[in-house]
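Reviewing the structure listed below.
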2 protein chains.
Amino acid sequence: MTPKLKIFIVDDHNLFREGLLFLLSNSNLEADIYEAENGEQFLDKFQLINPDIILMDIEMPVINGITATYEALKINPELKIIALSMYGNENYYTEMIDAGAKGFLLKNSKFDDVRNAILDVYSGKNYFSPEILDGIIKNLNKKKYKKANYNLSEREVEILYNICKGLSNHEIADNLFISKRTVDKHRENILLKTQSKNTAELVVYAIKNKIFEV
Amino acid sequence: MTPKLKIFIVDDHNLFREGLLFLLSNSNLEADIYEAENGEQFLDKFQLINPDIILMDIEMPVINGITATYEALKINPELKIIALSMYGNENYYTEMIDAGAKGFLLKNSKFDDVRNAILDVYSGKNYFSPEILDGIIKNLNKKKYKKANYNLSEREVEILYNICKGLSNHEIADNLFISKRTVDKHRENILLKTQSKNTAELVVYAIKNKIFEV
DNA sequence: ATTTTTATAAGTAGAAACACGTACATCTAC
DNA sequence: GTAGATGTACGTGTTTCTACTTATAAAAAT
């Protein structure tokens, strides 16, 4: 059904590799399996093999999964790397996504999930264990939580935005065709309302409240 | 196999609702289907029905999907709402996640995806169309991209960090047990190195480069 | 071993920000 | 129709920042 895949398992635990190999060969996935014990071995071998899917452990001796992923993708950006992580180490996910992993599996997943991850990533999608996905979504939520409870007027927001752009009061005045003295007053009011005591705090406030985007 | 679900479809396009209803009743999902034409109708009815899954369009007259989701979850935070979106409107996803949706489906998905989304979300997971997931991941990546390529010295980073906290040069000097004039000089050098022209730009630079966290 | 970078400190001056006032026209809300 | 918020503008200070300069010692890099 699916073409014969070349799957590369990078993990320092022999038993884990063997188990996964067994599961893969007893599944209906046609695959050749290659192995490495750590990131260094993998980096030495992957170019000869050119695997379709790489299952990459994160915590490994010599060269860890994050570095290995990063380095391998520098050489071949098309590589499809799925991170493998112990439960509890799921916080590595940002670093692995950063490094360029296309998927993230927890080691306590069912084999069916592994299968799905392999097929999804092979077909160009991303795959993330539900627990990881949950974390990602929660994270997105968290950051947006405190928004829009400032009581600045429209004009004040406009002034603040321009302050963040690095304009001086004089420049802002020119841009908005008002007097510099007016901008002074607005700025003063904004400082009061936001309980800031200088420009630095104003900018931090603006960014926190999504008035200015970094 | 699965218990009989109560599925609530909220969408202003009759044809779309009818089509989805047909597909759901011809699938192996045992479900009672309820319908509303917009967010207002939904908000009027959902408490009586107490649905297991809500498929919620985003762009609708009177009350849109984002507001409806937000309001409904205020009343019952346990509701499992899956957002439905036209291809091209996928940028609503942040707002829908924000509002509390547990899943996000594109309307050009295959019915199988709809089925999976319903089952996943019903069982407490999140479900996101691959295209959406892609967007989320890319977004995570993007933000981390430009890091650590500043050439500020350690001391300069320290000074900059303190500037972002809203301290004046004088206060920074006191904190670090150095002369205010030294801080002045550091600040000048930082402005030069970061090609900033004032405090506002400094703070933006610091946040962009993860020297200061908002 | 010598050059460069870094951290420190200071003088002088002008620009900008900050703080306190006052004032008035407009618009919204009660 | 009056109260409150908003946007506009000015006066007069003080404080802080910005910009130019010089200088020394230690650390790092070449």
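Proteins come first, then strands; the chains are lettered A, B, ... in the order of their sequence lines, and each starts at number 1.
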Please find the earliest and latest nucleotides of DNA chain C, in the 5' to 3' direction, that have an atom within less than 4.0 Å of any heavy atom of chain B. C:dT6 to C:dT12
Carboxylate-amine/guanidinium contact A:Arg181 A:Asp184, below 4.0 Å: yes
Flag the pair B:Asp57 and B:Lys107 as a salt bridge only when some basic side-chain nitrogen lies within less than 4.0 angstrom of an acidic carboxylate oxygen. yes
Under the side chain to side chain donor-acceptor pair (under 3.5 Å) rule, collect the residues that match up with A:Asn189, sequence neighbours excluded. none
In short, the helix from C:dA1-D:dT30 to C:dC30-D:dG1 is bent end to end, axes from five pairs each side, to 10°, by 70°
Sorted by number, the residues of residues 182-195 of chain B with heavy-atom contact under 4.0 Å to DNA chain D: B:Asp184, B:Lys185, B:Arg187, B:Glu188, B:Leu191
CZ/B:Phe22: more than 12 non-hydrogen atoms of other groups inside 6.0 Å: no
Contact class for B:Arg155 (heavy atom, under 4.0 Å): base, sugar-phosphate, or nothing? sugar-phosphate
Going by salt bridge (Lys or Arg N to Asp or Glu O under 4.0 Å), name the residues that satisfy it together with A:Asp113, two or more places apart in sequence or in a different chain. none
Residues two or more places apart in sequence or in another chain: which of them pass side chain to side chain donor-acceptor pair (under 3.5 Å) with A:Lys193? A:Glu156
Span of DNA chain D engaged by chain A, first through last nucleotide within the 4.0 Å heavy-atom cut-off, is D:dT6 to D:dT12
Considering residues at least two apart in sequence or located in another chain, which fulfil the side chain to side chain donor-acceptor pair (under 3.5 Å) criterion with A:Lys45? none
Tell me which pairs pass salt bridge (charged side-chain N to carboxylate O under 4.0 Å, His left out) where either residue lies in residues 160-175 of chain A, with sequence neighbours left out. A:Glu171-B:Lys197
Going by the side chain to side chain donor-acceptor pair (under 3.5 Å) test, which pairs reach into residues 68-83 of chain B, not counting sequence neighbours? none
A:Glu18 meets the side chain to side chain donor-acceptor pair (under 3.5 Å) criterion, sequence neighbours left out, with none
Set of residues satisfying side chain to side chain contact (heavy atoms under 4.5 Å, CB included) with respect to A:Thr194, sequence neighbours excluded: A:Leu152, A:Ile190, A:Ser196, A:Leu202, A:Tyr205
Check B:Lys4 with B:Asp32, please: is the shortest side-chain N to carboxylate O separation under 4.0 Å? yes
